[in-house]
Amino acid sequence: MPAKIIDGKAFAATVRAQVADHVAKLEGDHGITPGLAVVLVGEDPASQVYVRSKGKQTVEVGMKSVEHKLAADTSEADLLKVIDDLNNNTEIHGILVQLPLPKHLDEDLVINSIAPEKDVDGFHISNVGLLGTGQKSMVPCTPLGCLMMLRDHHGSLSGMDAVVIGRSNIVGKPMAQLLLGDSCTVTIAHSRTKDLPDVVRRADIVVAAVGRPEMVPGDWIKPGATVIDVGINRLDAPEKGEGKTKLVGDVRYESCAAVAGAITPVPGGVGPMTIACLLANTVTACCRANGLPEPEGLTA
Ligand code: GUN
C-alpha cells in the first residue's frame, strides 16, 4: 500500500485557523491583541523572504506584527537595546530574532537577552532547560510542527521507537525531547553514528533533520514507518531547463514513500508548519502573559 502523504500545507492552514479563532476571542472577550516582533539584522535574501512571510501571516490571523530591520553593521549594544525595549513593551508578546546573525554578533548572547516568556522560537537557555525537564516552556517551532503532525496521524506515540537524524539545537535535540515527552523510545543519530541504516531500520518514526539532500534511501525505512522530512535543500535541476532548481528533503522521497506508512513531502510537509507554530507560540505567550487559558492543541 502506498504511504499516506501527510499534507503539511493543509495542516498548517488548520493551525492558522485555530490561532485566528483564539486571537478573535482574546480581542472580543478581553480587548487584547497578541503582538509579534521580528528582528532582522542585515540583508540575507533567504532571511528577508522568511521575515516577509512571517509578517504577512501574523497579520492574516489578526495579530499585531512589528518588524525591526537593522543594518548589517549594527553593533551588539544597539541590537540588545532593541531587544530590551521589546522585552519591556507590553503590546509585544513574542520576539523572534532571525538567524543567522552577521558574524560580529554573538548569537547565544543575543538569543539569551530575549525575555524567556517572549522567546517564541524556544531557543533561550531557560526554555531549553524547561523543555528538557518536562516543564512548561516555549517550544521550537519546527519540532512542535512535527509533533503535531505525528500526534494527528498516530494519536498516542507512547512506546514507539523514534530515530531523529541530526543533533542541532533548533530541530534535532528539541525534537528528541518532545518525542521522549510523548513516551517514545528515542535515539538521536548523527554523522558519527555507527551502522546508521540499521539504526534507522528499527524506527517506527524517523525524523530526518540533517540538511543533506536525499541522504535517507527507502531501504533504510522499516515497512509502515512514519517518515518526517525536515530537510529543505535546493538542488540544480537541469532536467527542468537551464538554470532551474528544485527543492528536495533529507530523504529520497519516491523510494521512502514506497516503503513507509506515512511521509511528509518536500515542499508542502514540515515547512509550512514552522510559521504556523510560530503564530501558535505567540498566542500561547500572550495568554500566559495575561493569565488566561492557553489554546488547546497548539502547545506541546
Ligand atoms: N532562521 C532559519 N530558521 C529560523 C527559525 O526557526 N528561527 C529563527 N529565529 N531564525 C531562523
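The structure displayed is predicted, hence computed values, not measured ones. Hydrogens, waters and symmetry mates play no part in the numbers below; they use all other heavy atoms, side chains included. Atoms within a ligand are numbered from 1 in the order they appear, just like the ligands themselves.
- Distances from ligand 1 to the non-hydrogen atoms of Y50 include no value under 4.0 Å.
- Remark: the backbone N or O of F123 is not paired with any side-chain donor or acceptor of N127 at under 3.5 angstrom.
- In terms of modelled atom types and a separation under 3.5 Å, the side chain of H93 and the main chain of N281 share no donor-acceptor contact.
- K25 NZ: 12 or fewer foreign heavy atoms inside a 6.0 Å radius.
- The protein atom (non-hydrogen) at minimum distance from atom 3 (N) of ligand 1 is Q98 NE2, 4.6 Å.
- K69 and Q48 share no side-chain donor-acceptor pair at under 3.5 Å.
- Protein heavy atom closest to atom 7 (N) of ligand 1, with residue, atom name and distance, is D121 OD1, 3.1 Å.
- Contacts of V97 with ligand 1, taken as heavy-atom pairs under 4.0 Å, involve the backbone alone.
- Side-chain atoms of T299 and T284 include no donor-acceptor pair closer than 3.5 Å.
- Remark: ligand 1 atoms within the under-4.0 Å shell around heavy atoms of L96 are 9 (N).
- Among all non-hydrogen protein atoms, the one lying nearest atom 1 (N) of ligand 1 is L99 O, 2.8 Å.
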